[in-house]
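These numbers come from a predicted model, not from an experiment.
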Amino acid sequence: MKKILFIDRVAPYFYDYSLLNSKGIGASESYMLYLCQELIKDYDITISQGKRQTIISENNIRFIPSGYTYLESDYDIIIFQRVPYGLREIKEKYPNAKLLVWLHDFFESSFWAKMSNEELQFISDNVKFICVSDWQKENYKINLDLRKIKNYNIDFVHFFIPYPKITKEIPFDKNKLCFFSAGHKGLEFTLKVFEHLYNINNDFKLYIGNPTYDQNYSFKNCKDAVINLNNITRNEVCTHLKSSLCALHLNNVYPETFGCVNAEANLMNTPVLTYDLGATKEVLYSPFTTKQIINPNQYRVDLNNLIDITETIFKWRNNTPTIFINPILNKEKILKKWKEIIL
């Protein structure tokens, strides 16, 4: 059985399946755990974390502090999360291992944009880049080409989105809207739009929750109608999405390299009102609403126009649209590609 080592020296906290089941954690961390849960059927897996202090084993996966990374005599595949810290040492210790960097951020906002050309070229000469979407892959290719980096090897595989465990069904509510993302991804504008919607229909409620950390927000004229759930687990996020009219993710400021919360809404057959930014169009299927025409059979909405947003919400409220799950989220297809990358 081949041995895989994941190295994460970027996450600001240590994480494992116990934490994943008890609270919300970042998408990069949680979806690595979901992937490992599938790969463990065919591979021996160790996860090294910079913030971890103790060694534990969960679901047949070893979690170790970064100081214990080099105790194993050999690994077949080594996958760095986000940034390949310690690449030179890893190459020296495990010269025969296949080296990958699993990228999660878009280039301009990440540590990569601050690297020297020499650093970028050294990494490109020694590792394969794995992105989480075709959009992100193109984003890195453009920037690496602009920096005149040569001979880089880059591919993408979408996040594996498992169906959540919904233990308590919540009845569908045509007045329920949701925003489950980080606050910097359009929450300020979403709240302004919601105030407008609330003034038209006082039955509307907006559920917000950040799946990564607790955060307080200030509201103006519709405080009682905005329900801040703060940090909630992914299962709770999906339960709320399933029962809501739509995910109101009016993010026009921060490109999603994948957009897990949009994919989760799609998996729950819940429409999403959002901008065509980053990988959004790639991840969302039907209906998909942006100011660009994605599908001529769907609504054509200018999200810079408050009237268009309002009309769309009320159309959906009166006639709930049928949602089709995007085929790119197919579990077997994603796992097959991961195994091809690892080979």
Give a yes or no on whether Y75 and I4 share a hydrophobic cluster (residues Ile, Leu, Val, Met, Phe, Trp, Tyr; joining criterion: side-chain heavy atoms under 4.5 Å apart).
-> no
Hey, any chance L35 and I77 share a hydrophobic cluster, counting ILVMFWY side chains that come within less than 4.5 Å of each other, even indirectly?
-> yes
To the nearest 0.5 Å, what is the distance between OG1 (T239) and NZ (K165)?
-> 12.5 Å
In this structure, which one of D203, N202, N201 forms a side-chain hydrogen bond (donor to acceptor under 3.5 Å, both in side chains) with N175?
-> N201
For the side chain of N266 and the backbone of L284, is there at least one donor-acceptor N/O pair under 3.5 Å apart?
-> no
Establish whether W338 and I40 are linked, either directly or via other cluster members, by ILVMFWY side-chain heavy-atom contacts under 4.5 Å.
-> yes
Looking at OG of S110 and CG of L103, how far apart are the two atoms once the value is rounded to the nearest 0.5 Å?
-> 8.0 Å
Is there a side-chain contact between F180 and E264, using heavy atoms and a 4.5 Å cut-off?
-> no
Taking all heavy atoms of P164 and all of L267, pick out the closest pair and write down the distance.
-> CD-CD2, 4.1 Å
Side chains of R52 and Y68: do they bring a donor and an acceptor to under 3.5 Å?
-> no
Are the charged groups of K2 and D42 less than 4.0 angstrom apart, N to O?
-> no
Ignoring hydrogens and geometry, is there a side-chain-to-backbone donor-acceptor pair from T190 to L250 under 3.5 Å?
-> yes
Working for side-chain contact (heavy atoms from CB on, under 4.5 Å), residues L33 and F63 | CA-CA 11 Å; L33 294 178; F63 294 82; 3.8 Å; yes
Would you say the side chain of I313 lies within less than 4.5 Å of the side chain of L248, judging by non-hydrogen atoms?
-> yes
Nearest 0.5 Å please: distance from the CE atom of M115 over to the CZ atom of R147.
-> 9.5 Å
Any chance the side chains of K176 and H240 put a donor and an acceptor closer than 3.5 Å?
-> yes
So, are E311 and K315 salt-bridged, with charged N and O less than 4.0 Å apart?
-> no
NZ on K331 to CG on L329, rounded to 0.5 Å = 13.5 Å
If we ignore angles and hydrogens, is there a donor and acceptor under 3.5 Å between the side chains of N139 and E108?
-> yes
Considering all heavy atoms, the nearest T257-A279 contact | O-CB, 3.3 Å
Please step through salt bridge (charged side-chain N to carboxylate O under 4.0 Å, His left out) for the pair R82 and E29, ending with a clear verdict.
-> CA-CA 11 Å; R82 286 193 165 110; E29 295 77 44; 3.4 Å; yes
Linking I/L/V/M/F/W/Y whenever any side-chain heavy atoms sit under 4.5 Å apart, do V261 and M32 land together?
-> yes
Is there a donor-acceptor pair closer than 3.5 Å between any side-chain N or O of E58 and the backbone N or O of D16?
-> no
Between NZ on residue K137 and CD1 on residue I130, distance to nearest 0.5 Å = 9.5 Å
Do E188 and K192 pass the side-chain contact (heavy atoms from CB on, under 4.5 Å) test, and can you show the C-alpha distance, the side-chain angles, and the key distance before you say yes or no?
-> CA-CA 7 Å; E188 183 179 355; K192 290 179 181 177; 3.9 Å; yes
CG of L343: more than 12 outside heavy atoms within 6.0 angstrom?
-> yes
Please check if the side chain of T274 supplies one atom and the backbone of H249 the other of a donor-acceptor pair under 3.5 Å.
-> yes
F189 and Y275 aromatic ring geometry - parallel, tilted or perpendicular at 30°/60° bounds | tilted
With a 4.5 Å limit on heavy-atom distance, are the side chains of P84 and F122 in contact?
-> no
Pairing of K337 and D155 as salt bridge, 4.0 angstrom limit = yes
Would you please say whether a donor-acceptor pair under 3.5 Å links the side chains of H104 and Q81?
-> yes
Closest approach of I334 and H158, non-hydrogen atoms and distance?
-> CG2-O, 3.3 Å
Taking the six-membered ring for Trp and the full ring for Phe, Tyr or His, determine whether the centres of Y254 and F106 are under 6.0 Å apart.
-> yes
Any side-chain donor paired with an acceptor under 3.5 Å for E236 and T233?
-> yes
Donor-acceptor pair between D145 and Y152 side chains, under 3.5 angstrom = yes
Just checking, is any N or O donor in the side chain of D125 or Q121 under 3.5 Å from an acceptor N or O on the other one?
-> yes
State, to 0.1 Å, how close L245 and L177 come at their nearest heavy-atom pair, and which atoms those are.
-> CD2-CD2, 3.9 Å
Kindly give the heavy-atom pair with the smallest separation between V283 and F258, and that separation in Å.
-> CG2-O, 3.1 Å
Heavy-atom distance under 4.5 Å between the side chains of K336 and K333, does that happen here?
-> no
Within 6.0 angstrom of Q53 CD, more than 12 heavy atoms from elsewhere = no
K3 with D74: basic N within carboxylate O range, under 4.0 Å = no
Counting only N and O atoms by type, is there a donor-acceptor contact under 3.5 Å from the side chain of N126 to the main-chain atoms of R88?
-> no
Flag side-chain contact, heavy atom, 4.5 Å: S244 against Y207 | no
Should L206 and L273 be regarded as members of a common hydrophobic cluster, given that ILVMFWY residues are connected when their side-chain heavy atoms come within less than 4.5 Å of each other, either directly or indirectly?
-> yes
Quick one: are I323 and T270 in side-chain contact, heavy atoms under 4.5 Å?
-> no
Nearest 0.5 Å please: distance from the CD1 atom of I341 over to the CH2 atom of W102.
-> 10.0 Å
Hey, are S30 and R234 close enough side-chain-wise for a donor-acceptor pair under 3.5 Å?
-> no
Do the ring centers of F204 and Y198 come within less than 6.0 Å of each other?
-> no
Test E256 against S181 for side-chain contact (heavy atoms from CB on, under 4.5 Å), laying out the working first.
-> CA-CA 11 Å; E256 294 278 13; S181 191; 4.0 Å; yes
Assess the pair W112 and F129: is the distance between their ring centroids shorter than 6.0 Å?
-> yes
Do E89 and Y70 have side-chain N/O donor and acceptor atoms under 3.5 Å apart?
-> no
Under a 4.5 Å cut-off applied to non-hydrogen side-chain atoms, are T69 and K93 in contact?
-> no
When every non-hydrogen atom of I78 is compared with those of A97, the smallest separation belongs to CD1-CB, 3.9 Å
Salt bridge or not for E119 and K114, using N-O below 4.0 Å?
-> no
Residue of the set Y15, F159, F160 for which ring-ring contact (aromatic ring centres under 6.0 Å, His included) holds with Y31 | F159
Yes or no on side-chain contact (heavy atoms from CB on, under 4.5 Å) for Y85 and I7, after CA distance, side-chain angles and deciding distance?
-> CA-CA 9 Å; Y85 291 121; I7 298 178; over 6 Å; no
Determine whether K281 and W135 make a side-chain contact, defined as any pair of heavy atoms from C-beta on separated by less than 4.5 Å.
-> no
Heavy atoms of other groups near K91 NZ, more than 12 under 6.0 Å | no
Are the side chain of T280 and the backbone of D276 linked by a donor-acceptor contact shorter than 3.5 Å?
-> no
